[in-house]
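Below, all heavy atoms of this structure are taken into account, side chains as well, without hydrogens, waters or symmetry copies. Here, residue 1 is the first one in the sequence, and each next residue gets the next number. Keep in mind it's a predicted model, so treat the numbers as computed, not measured.
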Amino acid sequence: TTIKASVAMKGELMEYQQRFFASALTDADKKRIKGYSFTLGKDRNKTKAFIDKLLIHDLKVTRNGNDFFVPTKQKNYRTIRSIFETNTEFRDSVFYDASSWSIANFYDIDYSPSTKEIDGSIVNSLENLYEINEIEKSNYAYLINSVDYNIPAVINYLVNNEIIVSSAFKPFQIQTSNGLKSFDYGSLVIPISIQKIDSDKLYEKLNLIQKKYQIDIYSTPSGLSSSGIDLGSRFVTPIKKQKAMMLVGTGVSSYEAGEVWHLLDQRVGMPISKIPIRNFDRVSLDEYSTMVIVSGRYNFNDVQIKKIKDWASNGNTIISIGTGSKFLIDEKIVSEKLLKEENEIQENNFQPYEDAQDNRGKEQIGGIILKSIIDLSHPLGFGYENNLVPVYKNNTVWIEPSQNEYSSVVRYTENPLMDGFITQNNSNKINKTVSLLVSKVGNGRAVMFSNNPNFRGSWYGTNRMFLNAILLGDKIRVP
């Protein structure tokens, strides 16, 4: 029927298409905003992924050095608006799905609207978007800055190839083959003398890594820093290979489980064992270091709960998302608290029946973007360029700040709403809760996301927190 109608209305449809694109140009002319600008930044592979998204949608992007500009006056003007514009005021309060889709915030891009057009050369491809350095052979160590989206994949490659690599838990500045360079929290140190392979083979592998992941790799002749920690410091600690599993099956969110699998498989190259809940009793947890619990309904008995808690207490890591975090709290696997509902009964608090669906519906959170503050010194915050990060919330899981003052890793800002609709009631709850915390479980820990850091496989901005939890979870010591 649709095909028949399309053929019969071919003329009208083609005319509509022409008017759609022609009106985009005239509409853009009328608006005060003439484009959006952003920089390449330190996390070049994340920015590269964002530019790739723009080019896939046939959008014009220009550059002047490391500054980029997306003019609004082009045929896909409306797509540009949906990528960059944010909105916090709506005529309606009930949404079928998310009320926020500003994709630039998905990628944690620090962008600015511009009231004038900015000249530059057109970006036609991702080739030569930025230059990577040439690795100079070292006799002491190689260094890689942590601020890049591909670093988790680099870590996974290194440990799988039995290359000894350490993470620097404090920043430092040191002389390299490319001069004096600064390295952020979580930067990688690859010593030469203690490797299982010889220096020539290591140099060869590092060149392969650089080509594959497009990152700078620096050589240094000494472990003595110009400022910050030295490379022989106790704050430079070896990274161990992790083995992760994820609970799947009846009652578990297949969306979130799929997002986790896609992230690890497609972007990191790391396998994760998917354990059906029906097989949980028959599975030995001892061979795993990390357990991922996404949103879902987990009807475990006391023996199964004890199995999870005992395993975590032995120094392992649980990573929970959304209602998976609620499950940990409800079953007292962790000693954290959910925000209590305040049900104040008021006299004569009557509402018309016809308003019930809308009034209840608007309290659901289909999807909003909130500005948060991340602790850059925490292993979960390694690799972030600055401490302000947009996070995506599409649930009503409200976790109170931890009683441990060092454990609330990602907190909301004072006025966090960046994009989307939220009621005053839910806004008040946000001000009393946190986005991410770490809870002590014996000698292990639970990394608890109240929000989904991997939503739709698109949230490059918060993927890193989740990957840090897997790759560096065993390094987290809850004071």
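A salt bridge links K42 to D184: one of the charged nitrogens lies within less than 4.0 Å of a carboxylate oxygen. The existence of a salt bridge linking R456 and E259 is excluded, since no basic side-chain nitrogen approaches an acidic carboxylate oxygen closer than 4.0 Å.
Between G367 and N394, the shortest heavy-atom distance links the atoms CA-CB, 3.9 Å. When all heavy atoms of S138 and T220 are compared, the pair lying nearest together is OG-O, 3.0 Å. Pairing each heavy atom of R411 with each of V434, the nearest pair is CG-CG1, 4.3 Å. Of all the heavy atoms in P191 and L202, the pair that sits closest is O-CD2, 4.3 Å. Nearest heavy atoms, Y111 versus T86: OH-CG2, 3.8 Å. Counting all heavy atoms, side chain and backbone alike, L40 lies closest to T47 at O-OG1, 2.8 Å.
Heavy-atom neighbours of E414 CD from other residues, nucleotides or ligands within 6.0 Å: at or below the threshold of 12. Residue N139 qualifies as open at atom CG: its count of foreign heavy atoms under 6.0 Å is 12 or below. Counting non-hydrogen atoms of neighbouring residues, nucleotides and ligands closer than 6.0 angstrom, the CD atom of Q173 exceeds 12 such neighbours. Residue E405 qualifies as enclosed at atom CD: its count of foreign heavy atoms under 6.0 Å is above 12. A 6.0 Å sphere centred on NZ of K371 holds no more than 12 heavy atoms belonging to other residues, nucleotides or ligands. Within a 6.0 Å radius of CG in D302, other residues, nucleotides and ligands contribute 12 heavy atoms or fewer. Around the NZ atom of K48, the shell of radius 6.0 Å holds more than 12 heavy atoms that belong to other residues, nucleotides or ligands. Other residues, nucleotides and ligands contribute only 12 or fewer heavy atoms inside 6.0 Å of the CD atom of Q403.
Side-chain N/O atoms of S408 and S402 include no donor and acceptor closer than 3.5 Å. Using modelled atom types, one finds no donor on one side chain facing an acceptor on the other under 3.5 Å when comparing T290 with K243. Side-chain contact annotation: S320 with S325, donor-acceptor N/O pair under 3.5 Å present. Using a 3.5 Å distance cut-off with no hydrogens or angles, the side chains of S233 and D230 do not pair a donor with an acceptor. At a cut-off of 3.5 Å, with distance as the only test, a side-chain donor of R267 or N463 sits close to an acceptor on the other residue. S295 and E256 form a side-chain donor-acceptor contact under 3.5 Å, judged by distance and modelled atom types alone.
S102 places no side-chain N or O within donor-acceptor distance of the main-chain N or O of A104, the cut-off being under 3.5 Å. Using a distance-only test at 3.5 Å, with no hydrogens or angles considered, no donor-acceptor pair links the side chain of K429 to the main chain of Q424. Within the 3.5 Å criterion, the main-chain N or O of Q214 finds a donor-acceptor partner in the side chain of Y130. Here the side chain of K241 pairs no donor or acceptor atom with the backbone of N156 at under 3.5 angstrom. Checking side-chain atoms of K46 against main-chain N and O of Y107 turns up a donor-acceptor pair under 3.5 Å. No donor-acceptor pair closer than 3.5 Å links the side chain of S427 to the backbone N or O of T423. Side chain of N145 to backbone of S182: a donor-acceptor contact under 3.5 angstrom is found. In terms of modelled atom types and a separation under 3.5 Å, the side chain of N150 and the main chain of Y213 share a donor-acceptor contact. In this structure a side-chain-to-backbone donor-acceptor pair under 3.5 Å is missing from S407 to L437. Side chain of W459 to main chain of F106: no donor-acceptor pair is present (N/O by atom type, distance under 3.5 Å, no hydrogens or angles).
Cation-pi geometry between R297 and F327 is not met at under 6.0 angstrom from the ring centre and within 45 degrees of the axis. Cation-pi contact between K393 and W398: present, with separation from the ring centre below 6.0 Å and deviation from the ring axis of at most 45°.
Taking CD1 of I144 as the reference point, atom CD1 of I190 lies at 4.0 Å (rounded to 0.5 Å). The line from CD1 of I103 to CD1 of I83 is 5.0 Å long, rounded to the nearest 0.5 Å. In this structure, OH in Y298 is found 13.0 Å from NZ in K326, a value given to the nearest 0.5 Å. Atom CD1 of I80 sits about 8.5 Å away from atom CG of L54, to the nearest 0.5 Å. Expressed to the nearest 0.5 Å, how far CD1 of I135 lies from NZ of K211 amounts to 12.5 Å. Here the straight-line distance linking atom OG of S377 with atom NZ of K170 works out to 9.0 Å at 0.5 Å rounding.
A heavy-atom distance below 4.5 Å is not found between the side chains of N105 and F84. Residues V441 and N316 have side chains not in contact (no heavy-atom distance under 4.5 Å, counting atoms from C-beta outward). Side-chain atoms of I368 and N451, non-hydrogen and from C-beta on, never get closer than 4.5 Å to each other. Counting only heavy atoms from C-beta outward, the side chains of I319 and M291 never approach each other to under 4.5 Å. Between T39 and D110, the closest side-chain pair of non-hydrogen atoms is not below 4.5 Å. With contacts defined as side-chain heavy-atom distances shorter than 4.5 Å, the pair I217/Y203 does not qualify. Side-chain contact check for K137 versus S199: some heavy-atom pair is nearer than 4.5 Å. Residues I51 and L129 are in side-chain contact: their nearest non-hydrogen atoms beyond the backbone lie under 4.5 Å apart.
Under the 6.0 Å cut-off for aromatic ring centres, F280 and F300 qualify, their centroids lying closer than that. Under the 6.0 Å cut-off for aromatic ring centres, Y149 and Y460 qualify, their centroids lying closer than that. Taking the six-membered ring where the residue is Trp, the centroids of F38 and F50 are separated by under 6.0 Å.
Taking the six-membered ring for Trp and thresholds of 30 and 60 degrees, W101 and Y392 have ring planes inclined between 30 and 60 degrees apart.
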Side-chain donor-acceptor pairs under 3.5 Å in residues 272-279, sequence neighbours left out?
{"from": "S273", "atom 1": "OG", "to": "Y288", "atom 2": "OH", "distance (Å)": "3.4"}
{"from": "N279", "atom 1": "OD1", "to": "R282", "atom 2": "NH2", "distance (Å)": "2.5"}

Could you list the donor-acceptor pairs under 3.5 angstrom formed between side-chain atoms of residues 467-479 and any protein atom two or more places apart in sequence or on another chain?
{"from": "N468", "atom 1": "OD1", "to": "R464", "atom 2": "NE", "distance (Å)": "3.1"}
{"from": "N468", "atom 1": "ND2", "to": "P379", "atom 2": "O", "distance (Å)": "3.3"}
{"from": "N468", "atom 1": "ND2", "to": "L380", "atom 2": "O", "distance (Å)": "3.1"}
{"from": "N468", "atom 1": "ND2", "to": "F382", "atom 2": "O", "distance (Å)": "2.9"}
{"from": "N468", "atom 1": "ND2", "to": "R464", "atom 2": "O", "distance (Å)": "3.4"}
{"from": "D474", "atom 1": "OD1", "to": "Q242", "atom 2": "NE2", "distance (Å)": "3.4"}
{"from": "K475", "atom 1": "NZ", "to": "P238", "atom 2": "O", "distance (Å)": "2.5"}
{"from": "R477", "atom 1": "NH1", "to": "D474", "atom 2": "O", "distance (Å)": "2.5"}

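For Y142, there are no side chain to side chain donor-acceptor pair (under 3.5 Å) partners, not counting sequence neighbours.
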Given the rule in the side-chain contact (heavy atoms from CB on, under 4.5 Å) test, do L188 and I155 qualify, once you have shown the distances and angles that lead to the verdict?
CA-CA 8 Å; L188 305 183; I155 293 174; 3.8 Å; yes
Step-by-step side-chain contact (heavy atoms from CB on, under 4.5 Å) determination, I174 to K181:
CA-CA 6 Å; I174 196 170; K181 294 290 180 180; 5.6 Å; no
F169 and R234: CA distance, side-chain angles, deciding distance, side-chain contact (heavy atoms from CB on, under 4.5 Å) verdict:
CA-CA 9 Å; F169 275 56; R234 65 185 177 88; over 6 Å; no
